[in-house]
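Bear in mind that the values here come from a model prediction, so they are computed numbers and not experimental data. Along the sequence shown, residues carry numbers from 1.
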Amino acid sequence: MSEFREVEPAQKLVPQTSAVKSFLSGGFGGIACVLVGHPFDLAKVRIQTSANGVYSGTADVFKQTLKADGFRGLYRGMATPLVGVTPIFAVSFWGYDMGKKIVYAATPGRASTELTISELAFAGFFSAVPTTLLMSPSERVKVILQTQGSGANKLYNGPVDVVRALYKEGGIASIFRGTTATLLRDGPGSAAYFVAYELVKKALIPAGGTANDLNPLSVLFAGGMAGVAMWTIAIPPDVLKSRLQSAPAGTYKGTADVLRVLLKTEGPQALFKGLGPAMLRAFPANAATFLGVEYSLRAMNMIW
């Protein structure tokens, strides 16, 4: 018998988060995001879809909305994202976690568990693929509700009424109109979103500490900067998506046609319509998102 026993190779420990926890924490973050950011989102969509001169800016949208519909008008169309936000954000954070696991599975001999910027970007982009299947119809309904008139000009009584009308108009295809534009926005946007969050969070971790040592203000700041990073590059495809999803049937042949018409009639600057409210919303809404994600995850880790 040999005096030396065979030593099993040491396994590299890769950080893993339960898929269920990723899903649930994303849902909590999404609810926080909608509650904080919806008024700014409403302003963004109205500026993007209105004719030139209707609104002079974000403050003017708020002023006209409050005058016409009162405070509740700022939250018009919120029911759809609020109901849909749990699965949408849950799938987003689940998808991001799955994207990271795919990277780890594809690089079994890696020397470090720390992901590179390109690997984080892949995981972020990957998260947008399943999320788009939920995000696109939700955004379609939300945009229609946000851009409809008020009072006698009101066309729909709520999300269910919109879905019924869209299905009658063009079936499932009408409900999912804008899916390509949504992925064009959320693919690169999500890559920037998660990369920015991870980099800022890493920079804020105390010397010798871990991510769990971050205080709420640090999480809020990292989340806010993630939102700013995303919307810095997401506005042009978002404008195309809003125009396509709010237009009457037959107005455009697709995303490329929206771009062609927009550039011809309004010029390149139209691709950045709504940048103001989007950036005003980006920091507080996404700060709230990641605070909800991080602290719900910590709470779940304490329970199981």
Side-chain angles (χ1 to χ4, degrees), residues 33 37-38 40-55 57-58 61 76-77 80-81 84 88 92 121 124-148 162-163 166 169-170 172-193 227-282 285-286:
C33 178
H38 190 78
F40 296 103
D41 186 67
L42 178 138
K44 172 181 70 66
V45 170
R46 289 194 173 180
I47 290 173
Q48 288 176 340
T49 57
S50 65
N52 289 332
V54 175
Y55 300 109
T58 306
V61 176
R76 174 181 287 179
T80 302
I88 288 172
S92 176
F125 191 101
F126 179 84
S127 74
V129 177
T131 303
T132 296
L133 297 176
L134 296 174
M135 181 71 81
S136 181
S138 174
E139 289 270 299
R140 171 88 154 117
V141 173
K142 182 199 71 175
V143 166
I144 289 175
L145 288 173
Q146 288 178 330
T147 56
Q148 72 169 339
V162 174
V163 172
L166 291 177
E169 172 190 272
I172 294 297
S174 179
I175 296 173
F176 278 84
R177 185 199 296 175
T179 298
T180 300
T182 302
L183 184 58
L184 286 174
R185 179 195 69 177
D186 290 352
S190 294
Y193 186 63
V228 170
M230 175 179 178
W231 284 102
T232 297
I233 64 174
I235 277 293
D238 187 62
V239 171
L240 301 180
K241 181 194 71 65
S242 294
R243 291 289 180 99
L244 182 59
Q245 291 185 323
S246 64
T251 303
Y252 302 109
K253 298 176 183 177
T255 306
D257 192 37
V258 179
L259 178 61
R260 181 186 63 80
V261 172
L262 193 68
L263 292 176
K264 182 179 179 179
T265 58
E266 300 180 47
Q269 66 274 15
L271 289 171
F272 294 91
K273 272 192 166 185
L275 179 63
M279 297 307 285
L280 286 174
R281 172 187 179 275
N286 291 287

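- Between the CZ atom of R185 and the OG atom of S190 there is a distance of 8.5 Å, given to the nearest 0.5 Å.
- In this structure, the side chain of K273 engages the main chain of S50 through a donor-acceptor pair within 3.5 Å.
- Checking side-chain atoms of R140 against main-chain N and O of S174 turns up a donor-acceptor pair under 3.5 Å.
- Checking side-chain atoms of S127 against main-chain N and O of G124 turns up a donor-acceptor pair under 3.5 Å.
- Nearest heavy atoms, I233 versus P188: CD1-O, 3.4 Å.
- Put simply, the side chain of S138 never gets that close to the backbone of L134: no donor and acceptor are under 3.5 Å apart.
- The distance from atom CG of D238 to atom CG of L271, rounded to the nearest 0.5 Å, is 11.0 Å.
- Checked against Q245 for a side-chain contact (heavy atoms from CB on, under 4.5 Å), the options V258, T182, I144 give a single hit: T182.
- Put simply, the residue from L183, L184, T179 that forms a side-chain contact (heavy atoms from CB on, under 4.5 Å) with T255 is L184.
- Side chains of D41 and K142 form a contact here, defined as non-hydrogen atoms less than 4.5 Å apart.
- In this structure, the side chain of N286 engages the main chain of A282 through a donor-acceptor pair within 3.5 Å.
- In this structure, S246 and T147 approach most closely via the heavy-atom pair CB-OG1, 4.2 Å.
- For the pair P277 and K44, the tightest heavy-atom approach, listed with the atom from each and the gap, is CG-CA, 3.5 Å.
- The distance from the CD1 atom of I175 to the CD1 atom of I172 is 4.5 Å, given to the nearest 0.5 Å.
- When every heavy atom of A43 is checked against every heavy atom of T58, the shortest pair comes out as CB-CG2, 4.0 Å.
- Among all heavy-atom pairs drawn from I88 and T131, the shortest one is O-CG2, 3.7 Å.
- To the nearest 0.5 Å, the span separating CG on L42 from CD on Q146 amounts to 4.5 Å.
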message: Between L166 and R177, is the side-chain contact (heavy atoms from CB on, under 4.5 Å) condition met? List the steps.
response: CA-CA 10 Å; L166 291 177; R177 185 199 296 175; over 6 Å; no
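- For the pair Y252 and R243, the tightest heavy-atom approach, listed with the atom from each and the gap, is CE1-O, 3.8 Å.
- Put simply, CG on L244 and OG1 on T251 are 9.0 Å apart, with the number rounded to the nearest 0.5 Å.
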task: Step by step, work out the side-chain contact (heavy atoms from CB on, under 4.5 Å) result for T180 and K241.
output: CA-CA 8 Å; T180 300; K241 181 194 71 65; over 6 Å; no
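- Put simply, the side chain of T132 gets close to the backbone of A128: a donor and an acceptor are under 3.5 Å apart.
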